[in-house]
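Below is one structure, written out as structure tokens; the observations come after it.
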2 protein chains.
Amino acid sequence: MDTKVDTRPSQDCKNCSLRKLSGLRPLSVPELKFVQDFKSGELACDPGMTLIAESAYSPHLYTVLDGWGFRYKTLEDGRRQILNFVVPGDMVGLQGAVLKYMDHSVEALTPMRLCVFERERFFSLFEQHADLAFDVTWIASREECILDEHLLSVGRRSALERSAYLLAFLYYRGLTSGLISKGRAHLPVTQALIADTLGLSIVHTNKTLKKLAARKLVAWKEKGCEILDADGLCAVAQWEPRAEAERPFI
Amino acid sequence: MDTKVDTRPSQDCKNCSLRKLSGLRPLSVPELKFVQDFKSGELACDPGMTLIAESAYSPHLYTVLDGWGFRYKTLEDGRRQILNFVVPGDMVGLQGAVLKYMDHSVEALTPMRLCVFERERFFSLFEQHADLAFDVTWIASREECILDEHLLSVGRRSALERSAYLLAFLYYRGLTSGLISKGRAHLPVTQALIADTLGLSIVHTNKTLKKLAARKLVAWKEKGCEILDADGLCAVAQWEPRAEAERPFI
DNA sequence: CGCCTGCTTGAACGCTATCAAAAAACGTGG
DNA sequence: CCACGTTTTTTGATAGCGTTCAAGCAGGCG
């Protein structure tokens with residue numbers, strides 16, 4: 001449960017491990033230079049660690065370099081709703097940087113590595129690089145788009161459809177962010193997490209997942225979920241992933 | 001059900017009817033000048049009109065000047081989920097302008113008036129006015145924030161809590177956007193709309209709303225909902241509205 | 001007046017929650 | 001490598017919240 005901020009001089013953004021991912025918008029030389037200067041360090045953290053706590057002020061803004069995490073909110077009596085998962089390329093704490101308050105918490109699901117920025121200097125990005133500013137807005141809009149689909153899912157899909165949608169969704173997010181590959185499609189989630197994302201009880205989630213397993217769409221092993229047939233999941237969910245053109249990454 | 005685009009020279013932004021609303025960030029003279037030039041017209045439309053259709057390309061981007069509307073998505077078999085409501089000051093079609101695709105539809109609930117912009121020129125806003133670009137990101141982030149709360153609501157609140165939350169939420173949105181006042185708190189929504197927002201059936205929505213009415217929190221009249229006790233609704237919902245500092249408006 | 005939309009009500013069904021408990025997997029320290 | 005506590009998964013039984021089906025009523029509009 002410990003955290004360590006890397007105090008070595010910031011890693012070179014040009015050789016950022018994420019840059020080799022296909023589907024990322026390449027940065028121009030001046031942009032890269034700006035980002036390199038904007039970056040104030042790296043953060044590595046262990047599973048279970050809270051990156052950002054609801055309503056607590058954080059002076060930082062992050063970009064995920066590696067690992068899985070998730071965003072959630074809770075009601076006063078403890079009921080929890082997971083809002084979305086974060087993967088490499090996602091920004092963490094953007095709401096806080098823009099609105100000046102955080103309305104949700106973010107927790108690491110696996111060991112994570114993050115790129116650290118100072119909120120104070122966030123506005124300079126808008127002043128100096130219109131392209132990067134547009135990218136930030138793009139990222140915020142895509143998050144909105146994902147939330148729209150989740151809301152449709154929780155509001156109108158049955159338990160079986162919902163589960164299928166979520167697993168397919170996580171599969172594609174894992175693929176496009178390089179966390180998994182078609183051969184190694186293992187999602188590091190517990191059934192309790194799935195339940196809190198779908199708005200279902202743990203017991204019923206378990207029974208529903210068993211049905212998907214019976215259809216050979218997924219398998220539960222090694223404390224996580226193996227995706228066996230993503231197309232099958234999509235069919236059950238009445239959903240298909242959007243083929244994304246080029247994704248910005250800051 | 002007809003639409004009319006106002007072909008007269010664009011109304012003066014400086015005297016925009018919305019500018020007198022309290023809580024809006026005032027624009028500088030150059031910003032105002034830019035917005036005035038950016039604006040390409042006004043659109044007036046009647047209730048029931050679809051402003052933007054899912055997956056259809058629209059060359060426009062709007063800001064709401066007057067009236068209520070709502071965003072929604074549907075599944076192939078017709079099940080519908082309302083994602084959020086739009087009120088004066090909100091942008092409509094931002095997702096489309098940034099991501100290049102629309103994933104939801106937008107429909108007018110009451111007669112609406114909108115300010116029309118050209119998507120093509122949207123990027124120039126980022127190039128020329130960092131402050132306005134930041135405002136756009138602010139608007140996107142706040143939408144995300146609202147969706148987070150809706151998701152928590154649909155996922156984890158009971159039918160009664162959910163209804164109370166939604167009505168309180170609409171009440172405060174109406175207030176801050178000048179559509180209603182404390183004396184005249186009438187929301188122009190049908191129970192079918194409420195049902196599609198909460199992810200409930202119409203029948204059960206009706207029974208749930210009756211319970212709120214029995215507690216004297218709301219009253220159903222004139223084809224809409226009268227808010228009698230917003231604090232009471234908040235208490236039922238375990239929710240309280242956030243006191244917003246200054247809201248940008250483009 | 002008659003149709004259409006929106007609100008209301010009752011009854012029966014069923015999906016999902018809750019309760020309870022056990023089995024399995026995992027992590028840790030001896 | 002084993003023992004033990006903890007977390008996660010699994011299963012069965014029961015209860016209840018919310019859905020679906022089926023009418024009936026009220027108000028607005030041509």
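Labels below follow one simple rule: chain letters A, B, ... track the order of the sequence lines, proteins then strands, and each chain is numbered from 1. Just so it is clear, the values below take in all heavy atoms, side chains as well, and ignore hydrogens, waters and symmetry mates.
- Taking 4.0 Å as the cut-off between side-chain N and carboxylate O, R173(A) and D90(A) count as a salt-bridged pair.
- Under the 4.0 Å criterion applied to side-chain N and carboxylate O atoms, E149(B) and R157(B) are assigned as salt-bridge partners.
- Using a cut-off of 4.0 Å between Lys/Arg side-chain N and Asp/Glu carboxylate O, D229(B) and R215(B) are scored as not salt-bridged.
- Within the 4.0 Å cut-off from OP1 or OP2 of dT7(D), not a single side-chain nitrogen or oxygen of Q191(A) is found.
- Each of K207(A) and G224(A) was assigned the nucleotide of DNA chain D with the nearest heavy atom; the assignment lying further toward the 5' end belongs to G224(A).
- Both R157(B) and V189(A) lie close to DNA chain D; mapped to their nearest nucleotides by heavy-atom distance, the more 5′-ward contact belongs to V189(A).
- With rounding to whole Å, L193(A) atom CG is found 9 Å from dT8(D) atom P.
- Classification of R79(B) and E161(A) as a salt-bridged pair holds, one side-chain N sitting under 4.0 Å from a carboxylate O.
- As judged by a 4.0 angstrom heavy-atom cut-off over every strand, I202(A) is placed among residues making no nucleic acid contact.
- When the P atom of dT20(D) is taken as reference, atom CG of L200(B) falls 11 Å away, rounded to whole Å.
- For the pair Q95(B) and D148(A), the tightest heavy-atom approach, listed with the atom from each and the gap, is NE2-OD2, 3.1 Å.
- Nucleic acid contact class of T190(B) (heavy atoms, under 4.0 Å, all strands): sugar-phosphate only.
- The 5' end of DNA chain C is approached more closely, in terms of each residue's nearest nucleotide, by R162(A) than by the other of R162(A) and K221(A).
- Distance from the side chain of V203(B) is smallest for dT20(D) among the nucleotides dT20(D), dT10(D), dT19(D).
- The span of DNA chain C lying next to chain A, judged by atoms under 4.0 Å from heavy atoms, is bounded 5' to 3' by dT16(C) to dC26(C).
- The distance from atom CG of N206(B) to atom C1' of dA26(D) is 13 Å, rounded to the nearest whole Å.
- Put simply, NZ on K223(A) is 12 Å from C1' on dT9(D), counting in whole angstrom units.
- Salt-bridge formation is detected for the pair D196(B)/R80(B): a Lys NZ or Arg NE/NH1/NH2 atom is positioned less than 4.0 Å from an Asp or Glu carboxylate oxygen.
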